[in-house]
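Right, one structure below, let's go through it.
Numbering of residues begins at 1 and proceeds along the displayed sequence. Every number for a ligand or one of its atoms is a count from 1 in the order of the listing. Only a predicted model underlies this, so the values are computations on that prediction, with no experimental measurement involved.
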Amino acid sequence: MQVLVLGAGQLARMMSLAGAPLGLTVRAYDVRTHTVVHPLTLENYQQDLATGLNSCDVVTAEFEHIPQDILEVCQASGKFLPGAEAIRIGGDRRLEKQLLDNAGVPNATYHVVNTETDLEDAIDKIGLPLVLKSALEGYDGKGQWRLKTAQEMPQVWQEIEAFLAESRDEQSIVAEAWIPFDREVSVIGARGKDGAIKVYPLTQNHHESGILSLSVALTDAEALQKQAVEAFEKLSNKLNYVGVLAIEFFDVKGKLLVNEIAPRVHNSGHWTQQGADVCQFENHLRAVTGLPIGDTSLVEATAMVNVIGTDNIPVQIHAIEGVHLHWYEKEKRSGRKMGHINVAGKDKQQLKQRVDTLLKLLAKEDFPGLHQASAEML
Ligand code: ATP
Ligand code: MG
Ligand code: MG
């Protein structure tokens with residue numbers, strides 16, 4: 001079977017690697033160059049979207065910020081999973097918030113802002129501080145503002161007004177209550193064509209400058225896991241979703257509030273390549289090709305370290321047991337996700353030892369905040 005992935009980044013690459021043993025061929029459609037490429041070599045097949053769609057059995061996506069016309073063509077092919085609606089909702093915070101409310105899943109109070117009056121209304125309705133997020137195209141914390149005090153309002157509005165003036169006219173800002181969370185967690189799960197659902201253990205996540213830096217699979221979070229599974233079931237059933245879906249949460253005193261969803265495989269699920277029997281990439285492919293979803297339970301205590309903006313990883317890390325490096329073979333750029341390192345151990349103590357050994361080998365300046373985050377999380 002042949003699967004076409006919208007987007008030609010590392011997620012398509014890792015789907016391709018996971019699909020090969022199953023006899024699934026993955027190709028990637030680069031939405032910027034409008035051509036079909038090999039997900040590992042990026043070799044160009046000189047095919048446009050119509051040709052790519054004709055020759056594949058299933059089309060899916062590795063990201064949610066996909067132009068409407070492309071979504072429509074894919075939907076019309078009858079081969080698109082999880083489908084245009086799920087991708088559109090995941091890429092538009094206004095639709096995402098409506099979905100969360102309609103599905104009865106707790107999330108941060110919000111107000112859609114298009115004008116200065118809307119922003120004043122948001123302050124009246126929600127109070128300060130506020131987090132202001134662009135409805136479209138935000139990722140890695142980009143397109144966000146914080147409004148802490150009423151005094152900052154003119155300055156922040158000026159920036160937002162300029163941002164809105166430059167954007168396409170369907171753009172808005174979603175103002176959200178600032179949530180004083182204890183920690184951030186996420187859940188990854190898969191829903192099959194038959195509606196069967198399997199959910200991985202929750203992952204605790206640490207972000208550095210808005211970008212995911214460290215993820216640790218949680219082994220002792222039964223009450224939270226129950227809430228996460230409930231949210232996953234409500235949202236994926238509501239969407240009649242097929243594939244892997246990620247949900248980011250704030251943990252506020254043991255209560256989970258959804259931050260956002262991602263209708264795809266997710267960076268905070270990379271640890272499943274090592275810590276679960278069937279990883280998120282294989283499970284996404286299994287779901288969209290109609291195979292049964294594989295076991296999502298934890299087989300080892302696992303963590304993942306993102307390699308961001310550097311290719312300086314000493315080869316000695318390979319001597320540490322339970323450590324596996326995954327490069328994306330991308331050109332080095334500041335703030336860019338270049339790869340990740342999975343670390344596993346038979347229990348949390350062994351995992352911690354191995355992560356500590358790893359951190360001693362990594363250049364501190366390339367991994368700011370990581371020592372502290374790992375001390376807190378492990
Ligand atoms: P991603 O790369 O995960 O898609 P994004 O750009 O869509 O990121 P969010 O996940 O919405 O952005 O926010 C980025 C980070 O900002 C969150 O992980 C969290 O640390 C912080 N944050 C977002 N919303 C809030 C909020 N309402 N209250 C407190 N902190 C928040
Ligand atoms: Mg996001
Ligand atoms: Mg996020």
Side-chain angles (χ1 to χ4, degrees), residues 7 9-11 61-66 86-97 99-101 105-113 119 122-123 125-148 156 163 167 171-188 202-216 228 231 235 244-253 255-270 280 304 306 308-309 335-337 340 369 372-373 376-377:
Q10 67 267 22
L11 302 179
E62 65 146 25
F63 75 129
E64 53 275 27
H65 302 300
I66 297 171
I87 302 295
R88 201 182 306 122
I89 292 172
D92 186 332
R93 295 192 198 275
R94 293 162 294 196
L95 304 176
E96 193 174 314
K97 284 294 203 177
L99 168 73
L100 293 167
D101 288 346
V105 175
N107 62 95
T109 320
Y110 71 102
H111 190 71
V112 177
V113 171
L119 184 52
I123 297 172
K125 177 178 156 192
I126 306 166
L128 290 169
L130 283 178
V131 181
L132 303 154
K133 302 180 181 180
S134 67
L136 305 169
E137 281 155 14
Y139 71 100
D140 287 346
K142 295 181 177 70
Q144 293 196 10
W145 298 263
R146 303 287 142 107
L147 180 56
K148 294 196 190 95
V156 170
F163 174 82
S167 313
Q171 180 69 284
S172 304
I173 299 297
V174 175
E176 264 179 32
W178 180 80
I179 306 298
F181 54 80
D182 299 313
R183 57 180 177 174
E184 291 189 82
V185 296
S186 59
V187 79
I188 317 287
L202 274 165
T203 310
Q204 184 178 351
N205 302 312
H206 169 74
H207 297 84
E208 201 64 44
S209 310
I211 307 176
L212 184 67
S213 155
L214 174 68
S215 287
V216 179
L235 292 169
V244 163
L245 169 75
I247 310 174
E248 295 178 13
F249 300 94
F250 302 124
D251 173 0
V252 190
K253 298 188 169 59
K255 279 253 183 280
L256 292 188
L257 278 187
V258 173
N259 171 26
E260 60 170 355
I261 65 169
R264 54 171 167 83
V265 290
H266 194 259
N267 196 169
S268 68
H270 291 0
Q280 62 165 348
M304 181 222 63
N306 257 351
I308 299 164
R336 191 175 211 194
K337 289 175 182 168
H340 68 272
Q372 199 190 328
E376 281 168 23
M377 286 160 65

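Residue, atom and distance of the protein heavy atom nearest to atom 1 (P) of ligand 1 are Glu260 OE2, 3.3 Å. Protein heavy atom in closest approach to atom 31 (C) of ligand 1: Phe250 CZ, 3.7 Å. Atom 23 (C) of ligand 1 has its closest protein heavy atom at Lys133 NZ, 3.4 Å. When hydrogens are left out, the protein atom nearest atom 2 (O) of ligand 1 is Asp140 N, 2.6 Å; that is the closest non-hydrogen contact. Of the protein's heavy atoms, Gly141 N, 2.7 Å lies nearest to atom 6 (O) of ligand 1. Nearest to atom 19 (C) of ligand 1 among the protein's heavy atoms is Glu184 OE1, 3.2 Å. Scanning the protein for heavy atoms near atom 13 (O) of ligand 1, the closest one is Gln144 NE2, 3.2 Å. With hydrogens left out, the protein atom closest to atom 28 (N) of ligand 1 is Ile179 N, 2.8 Å, a heavy atom.
Checked by atom type and distance alone, the side chain of Gln280 pairs as donor or acceptor with a backbone atom of His266 at under 3.5 Å. The backbone N or O of Gly138 sits less than 3.5 Å from a side-chain atom of His65, completing a donor-acceptor pair. Counting only distance, with no hydrogens or angles, the side chain of Lys97 and the backbone of Asp92 share no donor-acceptor pair below 3.5 Å. The backbone N or O of Leu11 sits less than 3.5 Å from a side-chain atom of Glu62, completing a donor-acceptor pair. Put simply, the side chain of Gln171 never gets that close to the backbone of Ser134: no donor and acceptor are under 3.5 Å apart. Looking only at distances, no side-chain donor or acceptor of Asn259 sits under 3.5 Å from a matching main-chain atom of Glu248.
Less than 4.0 angstrom separates some heavy atom of Glu176 from each of these atoms of ligand 1: 24 (N), 26 (C), 27 (N). The distance from ligand 1 to the heavy atoms of Arg93 drops below 4.0 Å at these ligand atoms: 5 (P), 6 (O), 7 (O), 11 (O), 12 (O). Each of the following atoms of ligand 1 lies closer than 4.0 Å to a heavy atom of Val131: 25 (C), 26 (C), 27 (N), 28 (N). Atoms of ligand 1 lying under 4.0 Å from at least one heavy atom of Trp178, given by number and element, are 28 (N), 29 (C).
Looking at Glu260 and the Mg ion (ligand 3) together, the shortest N, O or S contact belongs to OE2. The Mg ion (ligand 3) is closest to atom OE1 of Glu248 (considering only N, O or S atoms).
Protein heavy atoms are found less than 4.0 angstrom from atom 17 (C) of ligand 1.
For a threshold of 3.5 Å applied to N or O pairs, the pair formed by Phe181 and ligand 1 contains no separation below that value. An N or O contact shorter than 3.5 Å is missing between Ala108 and ligand 1 by distance. Checking only distances, Ala177 does come within under 3.5 Å of ligand 1, N or O to N or O.
Once rounded to the nearest 0.5 Å, the distance linking CE of Met304 with CG of Asn267 reads 4.5 Å.
For NZ of Lys142, the number of neighbouring non-hydrogen atoms (other residues, nucleotides, ligands) closer than 6.0 Å is greater than 12.
With sequence neighbours left out, the ring pair (Phe, Tyr, Trp, His ring centres under 6.0 Å) criterion links Phe250 to Phe181. Qualifying side chain to side chain contact (heavy atoms under 4.5 Å, CB included) partners for Ile211, counting only residues two or more places apart in sequence or in other chains: Asp140, Ile308, Lys337.
Only the side chain of Asn259 comes within contact range of ligand 1, with a heavy atom under 4.0 Å; no backbone atom does.
Val174 and Ala135 make their closest contact through CG2-CB, 4.3 Å (heavy atoms, listed as atom of the first residue, atom of the second, distance).
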ask   = Can you list the steps and then say if Glu184 with His206 is a side-chain hydrogen bond (donor to acceptor under 3.5 Å, both in side chains)?
value = CA-CA 7 Å; Glu184 291 189 82; His206 169 74; over 6 Å; no
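Of the options Arg146, Glu137, Glu248, His207, the smallest heavy-atom separation from atom 21 (C) of ligand 1 is shown by Arg146.
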